[in-house]
Amino acid sequence: MNFQELLSGKKCSCGRAHSCSIKSVLISEDVLRELPTVLGDYERILLVADQNTYAACGKAAAALLEGRVQHSLIYQEDGVLIPNEAAIARLKSALSPETDLILGVGSGVIQDLCKYVSFTEKLPYSIVATAPSMDGYASVGAALITDNMKVTYSAHVPQVILGDVNVLKNAPMELIQSGYGDILGKYSCLNDWKLSALVNQEYFCQYVYDLTNDMLHKIKDLGPQLRNREPQAIKLLMEALVGVGIAMAYVGNSRPASGSEHHLAHFFEVVGILKKEPYFLHGIDVAYSAVWVQKLRDRILALEELPESWSFRRNDWVRKIQEVYGAAADGVIALQDRMGWYEKNWLELYRSKWPEIKAVLAEAPSVTELIRYLQSVDLDVRCFEQQYSEEKLENAVFYAKDLKDRYTVLWLYFILFV
């Protein structure tokens, strides 16, 4: 992938000038040795990792940088590191007045923590990737758990993204599956973007849509090679994950990469944390959720006629949100009250655009095709159905949308079937 061309930006026919302020993306074998050079003149670096990523690459990175690492923060967690207020506070407390760069060594959570704290503290940051596990490396968004809510904060992009294929290919297989699943989810989110542009007048850029779609199509058939950890396939996956992040930076939010499938995945994570229940890695949940959402599209397409009427029963909705989200319910309710979408006459809008809506939904790949891709990396959708109860899956379908301020097919499904 030609990252130099992507990073140079584009004056687009959509009317916007797309740009991304990342200085350098290096993805290849043995590229870690370039770290001292690519980081430039920074001399008082805070290195941030967890115990696993430090062992995988952090120790080697620190050795290459010699005396330039002023301090290292190594999160030592018994379980999963959660990017919450406590983790943020620990990172902030590790900074000194002399710190001139935050260097993350890791993937999703480490990336989000470094991105957010560096932004709030007005410091630059760079990332050494340890797994091709998610598409947030190059995005402006930092996904955190704050006030018991999954919130994506607008922050900034890293100066440097470095991915050594010799490190990436040795990541745990579930992290490689997660990265593949995150890319596979683009089938769903891109369809949602088109749908929202049609029914909710959301900004849409055909160039960014095509850019993301092209990366999806380069990766979708690589499952067997990824399962075998073939270096070229790992490289292509990592390039696609970073490329999608640049697409997000182009539009200033996560719309090209996140839709209904991500909302379900965020639901399982938030509810899992609140209720201490298990959930899959983000990208794996995204992949499984993409299959589940496609079943909703199929059900909508099978409708012979639209309902005659629909009304919002607020008291019932509030009661259900409180039941589902517990301590996070007030934040969810407040978000939707600000949006005001429950007061909108969606049904009349759908009726006026029904043929076009069906045409957009019909563009998404079939459930059978999606399952075939999942199987190519040893992901079995039956595990999704076994992990999450029928009640939790139903709650996700109807109430995951309320976690976000983004229109997706989940809103269409709710109006038609609740």
Side-chain angles (χ1 to χ4, degrees), residues 79-80 82-88 109 112 141-153 188 192 196 200 254 258-282 285-286 288-289 292-293 295-296 299-300 307 309-347 350 384-418:
V80 176
I82 297 172
N84 57 14
E85 292 91 341
I88 292 167
V109 173
D112 287 325
L144 305 172
I145 304 289
T146 56
D147 293 327
N148 298 307
M149 289 275 286
K150 181 83 172 188
V151 181
T152 300
Y153 292 91
S188 175
D192 280 333
S196 185
N200 205 33
S254 63
S258 175
S260 51
E261 73 301 324
H262 273 70
H263 295 179
L264 261 64
H266 292 158
F267 174 91
F268 298 128
E269 181 179 0
V270 168
V271 172
I273 291 171
L274 285 169
K275 299 185 177 180
K276 295 181 171 54
E277 297 171 345
Y279 54 92
F280 293 105
L281 285 175
H282 171 73
D285 253 337
V286 164
Y288 287 146
S289 295
W292 212 251
V293 171
K295 293 181 180 182
L296 307 186
R299 188 177 179 192
I300 294 168
S309 63
W310 182 84
S311 61
F312 177 46
R313 297 183 292 276
R314 181 179 173 83
N315 289 340
D316 291 342
W317 174 76
V318 168
R319 192 179 308 113
K320 192 65 181 181
I321 293 296
Q322 290 171 337
E323 173 192 325
V324 170
Y325 287 108
D330 288 348
V332 175
I333 293 167
L335 172 63
Q336 292 309 321
D337 283 346
R338 289 196 301 273
M339 296 300 298
W341 284 356
Y342 278 108
E343 307 305 323
K344 191 169 180 176
N345 192 346
W346 290 111
L347 194 56
Y350 296 156
F384 182 70
E385 298 162 6
Q386 292 164 4
Q387 173 105 296
Y388 303 132
S389 66
E390 184 177 337
E391 180 183 16
K392 181 176 276 191
L393 288 168
E394 182 177 285
N395 285 339
V397 164
F398 286 130
Y399 303 109
K401 71 187 189 313
D402 297 302
L403 278 171
K404 299 292 180 178
D405 58 355
R406 177 167 295 164
Y407 183 89
T408 71
V409 72
L410 297 178
W411 276 95
L412 174 60
Y413 189 83
F414 184 86
I415 301 302
L416 298 181
F417 291 101
V418 73

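Computed from heavy atoms alone, side chains included, the values below leave out hydrogens, waters and symmetry copies.
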[X] side chain near [Y] side chain, heavy-atom distance below 4.5 Å:
X: Q336; Y: K401; value: no
X: D192; Y: V409; value: yes
X: V397; Y: E394; value: no
X: K392; Y: E277; value: yes
X: F417; Y: I300; value: yes
X: L412; Y: Y407; value: yes
X: V332; Y: L403; value: yes

Drop me the distance from [X]'s [atom1] to [Y]'s [atom2], to the nearest 0.5 angstrom.
X: D402; Y: I321; atom1: CG; atom2: CD1; value: 4.0 Å
X: W341; Y: F312; atom1: CH2; atom2: CZ; value: 14.0 Å
X: Y399; Y: L410; atom1: OH; atom2: CG; value: 12.5 Å
X: R313; Y: R319; atom1: CZ; atom2: CZ; value: 11.0 Å
X: D330; Y: D147; atom1: CG; atom2: CG; value: 10.5 Å
X: I415; Y: S311; atom1: CD1; atom2: OG; value: 10.0 Å

Shortest non-hydrogen contact between [X] and [Y], atoms and distance:
X: E385; Y: L393; answer: CA-CD1, 4.5 Å
X: S289; Y: E261; answer: CB-O, 3.4 Å
X: G259; Y: T408; answer: C-CG2, 3.9 Å
X: L347; Y: P307; answer: CD2-O, 3.4 Å
X: R299; Y: Y413; answer: NH1-OH, 2.6 Å
X: V271; Y: V324; answer: CG2-O, 4.1 Å

Walk me through whether R314 and D337 qualify under side chain to side chain contact (heavy atoms under 4.5 Å, CB included). CA-CA 11 Å; R314 181 179 173 83; D337 283 346; 2.9 Å; yes
Which residue, Y279, W292, F384, forms the ring pair (Phe, Tyr, Trp, His ring centres under 6.0 Å) with F268?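 Exactly one option meets the ring pair (Phe, Tyr, Trp, His ring centres under 6.0 Å) with F268, and it is F384.
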Y350, Y342, F398 screened by ring pair (Phe, Tyr, Trp, His ring centres under 6.0 Å) with W411, the one that passes: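 It is Y342, the one option of Y350, Y342, F398 that forms the ring pair (Phe, Tyr, Trp, His ring centres under 6.0 Å) with W411.
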Going through the checks in order, is the side chain to side chain contact (heavy atoms under 4.5 Å, CB included) test met by T152 and K404? CA-CA 9 Å; T152 300; K404 299 292 180 178; 3.8 Å; yes
If we ignore angles and hydrogens, is there a donor and acceptor under 3.5 Å between the side chains of N395 and Y388?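 N395 vs Y388: no donor-acceptor pair found between side chains.
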Residue pairs involving residues 263-272 (criterion side chain to side chain donor-acceptor pair (under 3.5 Å); sequence neighbours excluded):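 Counting only pairs at least two positions apart or across chains, the side chain to side chain donor-acceptor pair (under 3.5 Å) contacts touching residues 263-272 are K150-E269.
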Do any N or O atoms from the side chain of [X] and from the backbone of [Y] form a donor-acceptor pair under 3.5 angstrom?
X: E85; Y: T146; value: no
X: Y325; Y: I333; value: no
X: D285; Y: Y288; value: no

Could you tell me if K344 sits above the aromatic ring of W346, with its cationic atom closer than 6.0 Å to the ring centre and no more than 45 degrees from the axis?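 Geometry flag: set, cation within 6.0 Å and 45°.
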Testing S254, S260, S196 for side-chain hydrogen bond (donor to acceptor under 3.5 Å, both in side chains) with R406, which one passes?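 Filter result, single survivor: S254.
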